[in-house]
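Single-structure report; data block below.
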2 protein chains.
Amino acid sequence: MKLSSQSQAFVLHFGEMGSRWGFNRTVGQMLALLTIHSEPLNADQLGEALKISRGNVSMGLKELQAWRLVELHHRPGDRKDYFTAAGSIWDMARTVFEERRKRELDPTLSLLRQLLLNDPQDEEEVRAQERMQEVYTLLELLDEFATTLSRLSEDDLLRLMKMGSGLSRLLDLREKLKGGSSGAGD
Amino acid sequence: MKLSSQSQAFVLHFGEMGSRWGFNRTVGQMLALLTIHSEPLNADQLGEALKISRGNVSMGLKELQAWRLVELHHRPGDRKDYFTAAGSIWDMARTVFEERRKRELDPTLSLLRQLLLNDPQDEEEVRAQERMQEVYTLLELLDEFATTLSRLSEDDLLRLMKMGSGLSRLLDLREKLKGGSSGAGD
DNA sequence: TACAATTTTCAGAAATTTCTGAAACATTAA
DNA sequence: TTAATGTTTCAGAAATTTCTGAAAATTGTA
């Protein structure tokens with residue numbers, strides 16, 4: 001398993017970006033390698049290509065499985081586990097997006113729901129709760145929107161993302177139509 | 001500067017989520033505190049409330065200024081710098097979103113543009129480049145979409161996010177209309 | 001100018017995260 | 001069974017990130 005300098009650069013970059021995207025360096029590298037490699041790879045191959053220990057590979061694969069980003073394969077007559085990236089690039093992006101929504105929004109929504117149940121004890125708390133309520137409203141909306149997006153078909157998603165500034169024109173159009181029709185619940 | 005247990009919980013939570021959102025614990029805590037506190041706070045007050053060193057406060061404020069998430073104020077006859085959260089909750093969310101787009105997408109787009117200029121040297125590299133191209137196409141689209149979103153007016157953004165499943169209906173509608181009209185560039 | 005108040009910097013300390021490698025565990029084959 | 005092959009676990013090591021606090025730099029005042 002020798003990587004071309006192209007692949008090497010791609011893999012190293014994914015390692016460095018990993019932490020910004022929600023996983024650690026080696027997990028990022030493993031995902032990158034599985035993404036560009038045509039054949040399924042086993043743990044030894046991953047470890048050798050990335051120069052990391054067997055234990056680290058195992059933990060990384062566990063993490064990638066938790067993210068549902070890799071798929072397990074078997075070769076006839078070979079007891080090793082082989083892995084590939086799970087699905088198309090679009091599938092993977094959707095999975096990362098969905099997983100990050102859960103990790104980055106849900107815990108905060110849940111805490112805020114809880115805090116907003118309490119009665120404020122003084123003026124300062126009233127103000128604090130007002131702001132927390134604003135944060136909550138925004139994050140909840142964002143959470144719903146993210147969920148909506150990740151449920152769109154690939155076609156719809158593509159159409160939406162390609163709209164550019166046409167998006168606000170479409171929103172105006174919809175606003176005009178809404179008056180007369182049975183508007184979608186908002 | 002004594003925090004109510006509500007505020008305390010909110011601040012601590014933001015500290016813990018901080019790393020997932022792109023900043024470190026104390027920066028998260030400082031942002032949370034400035035968000036729920038009605039009055040501008042100076043560095044000493046932040047340090048006391050959060051029990052962190054003066055140096056750490058200074059670095060945190062520098063970071064928050066780099067994110068454009070805080071605003072500097074002055075009180076007449078007081079030489080200290082006072083800070084508040086910059087703008088409304090929506091403004092802040094937009095700023096974080098935009099800043100994260102830059103940090104999480106742009107470096108990768110830039111690397112991929114570079115790598116895709118090179119001619120593949122063998123079959124394996126052809127395959128790797130195909131996948132890199134797919135990643136590039138997707139991330140570029142995502143980057144443009146994110147930019148579009150962060151430029152929408154607050155009203156449009158609100159309308160869009162509230163659409164829920166109405167969104168795919170709207171996309172169908174637009175698809176039908178497109179045939180006859182001068183479609184928006186895609 | 002001197003000096004007092006405030007902020008920033010940054011070397012080293014502390015805390016946290018990631019990684020290694022050997023041992024334990026699991027699975028299949030003989 | 002036992003051996004052979006492969007995977008997982010996890011304690012401690014290494015690397016990285018964050019934090020402290022004292023010294024340096026900056027800013028305003030007299």
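Every chain is numbered from 1, with letters handed out A, B, ... down the list of sequences.
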Tell me the interatomic distance from [X], atom [atom1], to [N], atom [atom2], rounded to whole angstroms.
X	N	atom1	atom2	result
Glu48(B)	dT20(D)	CD	P	14 Å
Lys51(B)	dT20(D)	NZ	C1'	16 Å
Asp78(A)	dG6(D)	CG	P	7 Å
Leu46(B)	dT6(C)	CG	C1'	15 Å
Gln65(B)	dT9(C)	CD	P	11 Å

Can you find a side-chain donor-acceptor pair between [X] and [Y] that sits under 3.5 Å?
X	Y	value
Asn24(B)	Thr26(B)	yes
Thr137(A)	Gln133(A)	yes
Asn56(B)	Ser53(B)	no

Report which part of the nucleic acid Asp81(B) touches: base, sugar-phosphate, or nothing (heavy-atom distance under 4.0 Å, all strands). sugar-phosphate

Under 4.0 Å, counting only non-hydrogen atoms across every strand here, what does Leu61(B) touch: a base, just sugar-phosphate, or nothing? nothing

Taking everything shown except Arg101(A) itself, do over 12 heavy atoms lie less than 6.0 Å from its CZ? yes

Using a 6.0 Å cut-off, check whether atom NZ of Lys102(B) has over 12 heavy atoms from anything other than its own residue. yes

Once the angle between the rings of Trp21(A) and Phe23(A) is folded into 0 to 90°, is it parallel (under 30°), tilted (30 to 60°) or perpendicular (over 60°)? perpendicular

Think Arg100(B) forms a cation-pi with Trp67(B), using NZ or CZ under 6.0 Å from the six-ring centre and within 45 degrees of its axis? no

I want to verify a distance call: between dG6(D), dT9(D), dT20(C), whose nearest atom is closest to the Lys80(A) side chain? dG6(D)

From the options dT7(D), dT6(C), dG21(D), select the nucleotide whose nearest atom is closest to the side chain of Ala43(A). dT7(D)

Would you list the protein and nucleotides 15-18 of chain C atom pairs, both N or O, that sit under 3.5 Å from each other?
none

Is any side-chain N or O of Lys62(A) closer than 4.0 Å to OP1 or OP2 of dT9(D)? yes

Distance-only check: which donor-acceptor pairs under 3.5 Å involve side-chain atoms of residues 112-120 of chain B, not counting sequence neighbours?
unit_1    : atom_1 : unit_2    : atom_2 : d
Arg113(B) : NH1    : Tyr136(B) : OH     : 2.8
Asn118(B) : ND2    : Gln6(A)   : OE1    : 3.3
Asn118(B) : ND2    : Leu115(B) : O      : 3.4

Salt bridge check: are Glu39(A) and Arg75(A) linked by an N-O gap of less than 4.0 Å? yes

So which protein N/O to nucleotides 22-27 of chain D N/O distances come out below 3.5 Å?
unit_1  : atom_1 : unit_2   : atom_2 : d
dT27(D) : O2     : Arg79(B) : NH2    : 2.9

